[in-house]
Participant: 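Right, I'll just put the structure down here and ask away after.
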Amino acid sequence: MKKYDPIKIEEKWQKKWEENEEFKAKTSKETKSGGENIQKMYLAEMFPYPSGAGLHVGHVRNFSIVDALTRFYTQQRLNVLRPFGYDTFGLPAENYAIKTGISPEVATKQNIDNFRKQAKRLGFAIDWSREINTSDPKYYKWTQWCFLKLFEKGLAYQKESYQWWCPVDQTVLANEQVENGHCWRCGTEVEKKKMKQWFFKITEYADELLDEIDSLDWPEKIKTAQKNWIGRSEGAEIDFAVSGNETSTIKVFTTRPDTLFGATFLVLAPEHPMVARVMTENAKEKVLEYCKNAIKKSEIERQENKEKTGVFTGAYAINPATGKEIPIWVSDYVLMGYGEGAIMAVPAHDERDLEFANKFDLPVIEVIETPETNDDADAVSMSSGENIDGKKICYHGEGKLINSDRFNGVDSSDARDGIIEWLESQGIGKSRVTYKMRDWLISRQRYWGCPIPIAYDKDGNPHAIPEDQLPVIHPHVDDYAPDSTGRSALAKAKDWLKVTIDGEEMMRETDTLDGYACSSWYLWRYVSPDCDDAAWDKDEIEYWAPTDIYCGGDHAVAHLLYVRFWCKFFADLGYLPFREPIKRLLYNGYINAPDGKKMSKSKGNVIDPLDVINSGYGADTLRTYELFIGPYNEDAAWSTKAIGGVYRFLNRCYNLVFNPEKTVDEKVNIVIRNKTTKKVTEDMHRAGFNTAVAALMEFVNELYKNGANSADLVVLAKLLKPFAPHLASEMLEELKSDDEWPTWDEKALVADTVEVVVQVNGKLRAKLEVAVDDLTDTEKLTSLALSEENVKKYVSGEPKKVIIPPHAKLINIVA
RNA sequence: GCCCUGGUGGCGGAAUUGGUAUACGCGUUCGACUUAAAAUCGAAUGGAGAAAUCCAUAUGGGUUCAAGUCCCAUCCGGGGCACCA
């Protein structure tokens, strides 16, 4: 009796895989010289940030999904690329350095070594010759090159504006890194700060990023999250002349130009430059006071107080449609970053404007008739009065225009075009599209990031560091903390700061790049990680990219939007022969603690994958369990008990091969064997890992019942390999078989006789054992069914109708 | 508020085109092996009922020979966005 010893088996195979460089992908050149046209398959997980805590069970789930598919396609003899790397720049390493004095380089290296060791202990089929690390100069040289390309094309630019600022991390943040008004890293409430910062002009690609989403094989929730984030709105920009000040106009953006006649006042954002120009002497003090407070207030504070606030500037604008004077107000419910930072308020048809009008007693003019048959129960015509609570509610749907001069009676949707046309003819407006998405803020006042390859001349103008001087090496300093001026610790590297470009002495940029910049192109670096004359090799990228399957459980809008943006940019420059970087995205769920709560050190409910392995279960059990736990794309709670069931299953697999009790005739398991092959193959294609494992369990249960022969066991081992590769390899070695993925015989999927259920009026009344050949014999089936005792009870006389669906083994008698 | 998801036994979940609801695993119970325990093997396991049978996929309607699956309305959970004009 041999005993399943996962620890020993796994050690043996991992050593073998390492020695043979088993998972090395063939380069494009190698496949070409071989003369064969092998189909490629490029899979990757979102590369990890190597924290000091080592791998957690979430990583294991993510990597196991990719690994199962990697092995599945390898067993189908595709040329498979499955690389691995580390996203190493970032705050945790820097904060750790500030706390302990250990340099980020040293800590990062230790963490990488640990991650690599642990990933190898899990037996992942990784091409280790392609490892990358974003803080390695060989890598970030090309991150800097990417930046320079964007700079060259005007898509990396500097702008002075109000930005999110995290007072704890002492750095600005991108919009995507502010979650509900708090810093995504440390959770501190963010502030607004006026600063000159670097941006990537992602808005340039807003339309394409939006339009191509639908063509992607990505989960719906990610696609809609990106659509909402981009937030395209079509409307018009309209110039309002300032009364008594003929040279000044205020531009507003509206999605409802059809309501122009109902615009009874304008509202400017507190940051709007026109505020200072239009306010009257009398109002000046109050207006400036209001703006100062509003700008200082955090977004959270602004939102907490939903009550509208605002102040009158004392100035008036002319409504171009009516020619009437309307007051200009300032309020923080208008956002500077969107549209023009100014709106025309139509209180009759916009709830926010109505609230404001009610509070400050401003006029309300209804310009869209509320239809009689109004589905929206809340919407009550202004003229008819009030809703149930006695509160005025405005109608914001479509309808016929009223109080709109020559547009009266026109449908609002037609009026939109008509009014835009009229505005254009007057030269005071035009149709316009805006986006919620803002440009991507990429400078960070932090030390442990990729240096921005820019230097400033003595007038403060930015200059690109020439390409032949890349990489701009990340300098070493002794003190990592940012200084009080808000500059990163790079400013402390005095010698490094000075640089000569074209004979002119300049000072280097001390901001570093957002870590998301480093991860925006790594999928292309993997195809030629050692390439030193380009970011990626042209032939290799053509062969391998785009990535066929990408798997991760985070970054729905940020990273996954940035990668698409860079892809389109480099495609436009001719560096990439495709415009979407990721064909298929698998978005995996989290693994929570047994109590269903998020695992966290502070709660003490963290499951360490290495502990699970070392407790005797081994990596195969852990990996199979994490794929069996539920659908890969849903969250799951860890169960200390259920993992035992998976171990028992693998143990049974082992015993079938190494401690066989009886062997049987070739034919006994032929149906279940083919059925399982088909089921597992199809499940792999649709990422149904949990049901694939369940099918294998059924197969094993059947083999225990019937006995197994070597053909059964070879198929079992091959199908098992994506989940439990070490054990499966051991089994295949014992069975003297290769691991090529098995095929199934469609004809062998049915037994000689099958069970047919008999329903009467849709209710199950009997079961028949019918020869397969008789399945198409409608008359025979009907008479067999009608002769059943239990069926006779429910059918008196001739049945009204007999239904035998073509694919179901079922007969339904309508009595 | 808007958008996306989901709601099935004691628990995690399965049901791919409308066609036997509850596969597989956990837990529980019983049995075998053992001096005993663990491990292992076998059996049972949605609810009610002696049984025939009836009732069960969040709730209420509808379509259909047939609905977890399709349609309408409602309730609840998870996620994203959120004063975006």
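Predicted model, so just to flag it, every value in this text is computed and none were measured. Side-chain atoms are counted along with the backbone in the values below, which use heavy atoms only and exclude waters and symmetry mates.
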Participant: Less than 3.5 Å apart, any donor N or O on the side chain of A:Y290 or A:T313 sitting next to an acceptor on the other?
Facilitator: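 On atom types as modelled, these side chains do not qualify, holding no pair under 3.5 Å.
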
Participant: Need the pair for B:A85. Rule: Watson-Crick or G-U wobble, both distances under 3.5 Å, any strand; none if unpaired.
Facilitator: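 Per the H-bond distance test, none.
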
Participant: Roughly, in whole Å, what's the span from CG in A:L627 to P in B:G13?
Facilitator: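 Those two atoms, CG and P, are 15 Å apart.
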
Participant: Check every atom of B:A15, B:G42, B:G25 against the side chain of A:R652 and return the nucleotide holding the closest atom.
Facilitator: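 The closest nucleotide is B:G42.
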
Participant: What about A:K763, does its side chain sit under 3.5 Å from the base of B:U53 through a donor-acceptor pair?
Facilitator: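 In this structure, the two groups form no donor-acceptor pair.
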
Participant: Taking any heavy-atom pair under 4.0 Å as a contact, classify A:K705: base, sugar-phosphate, or nothing.
Facilitator: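 No contact at all - A:K705 keeps every heavy atom at 4.0 Å or more from the nucleic acid.
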
Participant: Do A:F356 and A:W329 have their ring centres less than 6.0 Å from each other?
Facilitator: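 Yes.
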
Participant: Please state the C1' separation for the pair B:C70 and B:U63 - nearest whole angstrom.
Facilitator: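 These two C1' atoms come out 8 Å apart once rounded.
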
Participant: Would you say B:C26 has OP1 or OP2 under 4.0 Å from some side-chain N or O of A:R648?
Facilitator: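 For B:C26, OP1 or OP2 has a side-chain N or O of A:R648 closer than 4.0 Å.
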
Participant: If pairing requires Watson-Crick or G-U wobble contacts with both distances under 3.5 Å, which nucleotide is the partner of B:C41?
Facilitator: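 Partner of B:C41: B:G31.
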
Participant: Assign A:E755 to base, sugar-phosphate, or nothing according to its heavy-atom contacts below 4.0 angstrom with the strands shown.
Facilitator: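 Contact class for A:E755: base.
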
Participant: Check the distance between B:G78's P and A:D635's CG and give it to me in whole angstrom.
Facilitator: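 Nearest whole value for this atom pair: 12 Å.
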
Participant: On the side chain of A:N228, is there an atom forming a donor-acceptor pair with the base of B:C81 - under 3.5 Å, no angle test?
Facilitator: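 There is none.
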
Participant: Can a side chain N or O of A:Y333 be found less than 4.0 Å away from OP1 or OP2 on B:A85?
Facilitator: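 Answer is no, no contact under 4.0 Å.
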
Participant: Using the ring of A:Y794 (Phe, Tyr or Trp, six-membered ring only), decide whether A:R765 places NZ or CZ under 6.0 Å from its centre and within 45 degrees of its axis.
Facilitator: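 Yes, A:R765 lies over the aromatic ring of A:Y794.
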
Participant: Round to a whole Å and report the spacing from NZ of A:K308 to P of B:C83.
Facilitator: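 Atom-to-atom, A:K308 to B:C83, this comes out as 10 Å.
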
Participant: Are the ring centres of A:Y625 and A:W638 closer than 6.0 Å?
Facilitator: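 Between A:W638 and A:Y625, which both carry aromatic rings, the centre distance is below 6.0 Å.
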
Participant: Considering every strand shown, what is the Watson-Crick or G-U wobble mate of B:A36 when both distances are under 3.5 Å?
Facilitator: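 With both distances under 3.5 Å required, B:A36 matches none.
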
Participant: Give A:S639 one of three labels, base, sugar-phosphate or nothing, depending on what nucleic acid heavy atoms sit under 4.0 Å from its own.
Facilitator: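 Since no nucleic acid heavy atom lies under 4.0 Å of A:S639, the category is nothing.
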
Participant: In terms of relative ring orientation, are A:H685 and A:F72 parallel, tilted or perpendicular, with 30° and 60° separating the classes?
Facilitator: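 The rings of A:H685 and A:F72 stand perpendicular, inter-plane angle above 60°.
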
Participant: For the pair made of NZ in A:K675 and P in B:A14, what is the distance, rounded to whole Å?
Facilitator: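 That distance rounds to 19 Å.
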
Participant: Map A:M344 and A:R765 onto RNA chain B by nearest heavy atom, then report which one ends up closer to the 5' terminus.
Facilitator: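 The residue whose closest nucleotide sits nearer the 5' end is A:R765.
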
Participant: Choosing from B:A85, B:A82, B:C41, which nucleotide comes nearest the side chain of A:Y704?
Facilitator: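 Among the listed nucleotides, the one closest to the side chain of A:Y704 is B:C41.
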
Participant: Any base atoms under 4.0 Å from A:N690, or only sugar-phosphate, or nothing? Heavy atoms, all strands.
Facilitator: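 Touches sugar-phosphate only.
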
Participant: Indicate whether any N or O donor in one side chain lies under 3.5 Å from an N or O acceptor in the other, for A:Y632 and A:N62.
Facilitator: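 Judged by distance alone, the side chains do not pair up.
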
Participant: Please state the P separation for the pair B:A67 and B:G61 - nearest whole angstrom.
Facilitator: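 Here B:A67 and B:G61 have their P atoms 15 Å from each other.
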
Participant: Take atom CG of A:N633 and atom C1' of B:G79, then tell me their distance rounded to the nearest Å.
Facilitator: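 Whole-Å distance recorded here is 13 Å.
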
Participant: Relative to each other, are the rings of A:Y654 and A:F658 parallel, tilted or perpendicular (30° and 60° limits)?
Facilitator: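 It falls in the parallel class, under 30°.
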
Participant: Using the P atom in both, what is the distance from B:G9 to B:U5, to the nearest Å?
Facilitator: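 Per the computed distance, 23 Å lies between those P atoms.
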
Participant: Where the side chain of A:W229 is concerned, which of B:C81, B:A85, B:C26 is the nearest nucleotide?
Facilitator: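 For the A:W229 side chain, the nearest candidate turns out to be B:C81.
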
Participant: Between B:C65 and B:U59, how far apart are the two P atoms, rounded to whole Å?
Facilitator: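 Nearest-Å result for B:C65 against B:U59 at atom P: 25 Å.
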
Participant: Closest to the A:K221 side chain: B:C4, B:U16, B:U40?
Facilitator: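 Comparing B:C4, B:U16, B:U40 against the side chain of A:K221, the answer is B:C4.
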
Participant: Can you tell me the Watson-Crick or wobble partner of B:G6, both distances under 3.5 angstrom?
Facilitator: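 Paired with B:G6, as far as the under-3.5 Å criterion goes, is B:C76.
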
Participant: Could you work out the separation of B:G42 and B:C24 based on their P atoms and round it to a whole Å?
Facilitator: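 Roughly 13 Å separates the two P atoms.
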
Participant: Would you classify A:S233 as touching base, sugar-phosphate or nothing, given that sugar-phosphate means primed atoms plus P, OP1 and OP2, and contacts are heavy atoms under 4.0 Å?
Facilitator: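 Sugar-phosphate contact only - A:S233 comes under 4.0 Å of backbone atoms but never of a base.
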
Participant: Let's see if you can work this out: which of B:C65, B:G80, B:A85 has an atom nearest to the side-chain heavy atoms of A:N812?
Facilitator: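 So the side chain of A:N812 is nearest to B:C65.
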
Participant: Rounding to a whole Å, what distance do you find between A:F649:CZ and B:A23:P?
Facilitator: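 Whole-Å distance recorded here is 18 Å.
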
Participant: Would you say the ring centroid of A:Y516 lies under 6.0 angstrom from that of A:H555?
Facilitator: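 Centroid distance A:Y516-A:H555: below 6.0 Å, so yes.
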
Participant: Only pairs with both distances under 3.5 Å count, Watson-Crick or wobble alike; so what is the partner of B:U64 in this structure?
Facilitator: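 Paired with B:U64, as far as the under-3.5 Å criterion goes, is no nucleotide at all.
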
Participant: In the strands shown, is B:A50 matched to any nucleotide by a Watson-Crick or G-U wobble pair with both distances under 3.5 Å, and which?
Facilitator: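 Base-paired to nothing in any strand shown.
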
Participant: Heavy atoms from C-beta onward define the side chain here; which of B:C83, B:U16, B:C24 lies closest to that of A:D332?
Facilitator: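 Among the listed nucleotides, the one closest to the side chain of A:D332 is B:C83.
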
Participant: Could you tell me if A:E398 and A:S413 have a donor-acceptor pair between their side chains, going purely by distance under 3.5 Å?
Facilitator: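 No, A:E398 and A:S413 have no side-chain donor paired with an acceptor closer than 3.5 Å.
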
Participant: Quote, to the nearest angstrom, the P distance that separates B:U35 from B:A43.
Facilitator: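 B:U35 and B:A43 have their P atoms separated by 25 Å.
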
Participant: For B:G9, is chi within 90° of 0 (syn) or not (anti)?
Facilitator: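 Base orientation: syn.
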
Participant: Ignoring hydrogens and angles, does a donor from either the side chain of A:K436 or the base of B:C81 sit under 3.5 Å from an acceptor on the other?
Facilitator: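 Answer is no: no donor-acceptor pair is held.
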
Participant: Look at the side chain of A:V814 and decide which nucleotide, out of B:U20, B:C65, B:A85, has an atom nearest to it.
Facilitator: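 Looking only at side-chain atoms, A:V814 lies closest to B:C65.
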
Participant: Give A:N701 one of three labels, base, sugar-phosphate or nothing, depending on what nucleic acid heavy atoms sit under 4.0 Å from its own.
Facilitator: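 Sugar-phosphate, no base atom in range.
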
Participant: Specify the residue among A:V693 and A:G630 whose closest nucleotide of RNA chain B lies further upstream toward the 5′ end.
Facilitator: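 Result: A:G630.
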
Participant: Say we look at B:G78 and B:A73: how far apart would their C1' atoms be, to the nearest angstrom?
Facilitator: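 B:G78 and B:A73 have their C1' atoms separated by 22 Å.
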
Participant: Can you tell me the base-pairing partner of B:U17? Count Watson-Crick or G-U wobble geometry only, both distances below 3.5 Å, and say none if there is no partner.
Facilitator: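 Result: none.
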
Participant: Can A:K308 be said to sit on top of A:Y333's aromatic six-ring, NZ or CZ under 6.0 Å from centre and within 45° of the ring axis?
Facilitator: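 Output yes; distance and angle both within limits.
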
Participant: Please tell me which of the listed nucleotides, B:C24, B:C4, B:C26, lies nearest to the side chain of A:F628?
Facilitator: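 Given the options B:C24, B:C4, B:C26, the side chain of A:F628 is closest to B:C24.
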
Participant: Select base, sugar-phosphate, or nothing to describe what A:Y647 touches, counting heavy atoms under 4.0 Å on all strands.
Facilitator: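 Nothing, no nucleic acid heavy atom in range.
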
Participant: Pairing check on B:G12: which nucleotide meets the Watson-Crick or G-U wobble criteria with it, both distances under 3.5 Å?
Facilitator: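 Check on B:G12: paired to B:C24, both distances under 3.5 Å.
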
Participant: A:L810 CG to B:U17 P: how many Å, rounded?
Facilitator: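 Rounded to the whole Å, the gap is 18 Å.
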
Participant: How far, in whole Å, is B:G7 from B:A58 if one measures between their C1' atoms?
Facilitator: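 Their C1' atoms lie roughly 6 Å apart.
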
Participant: Nearest to the side chain of A:A694 - B:C24, B:G19, B:G27?
Facilitator: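 Among B:C24, B:G19, B:G27, the one nearest the side chain of A:A694 is B:C24.
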
Participant: Identify which nucleotide among B:C24, B:G13, B:G19 has an atom closest to any side-chain atom of A:P631, counting heavy atoms from C-beta outward.
Facilitator: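 Shortest atom-to-atom distance from the side chain points to B:G13.
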
Participant: Provide, to the nearest angstrom, the distance between the CD atom belonging to A:E351 and the P atom belonging to B:A82.
Facilitator: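 A:E351 atom CD is separated from B:A82 atom P by 19 Å.
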
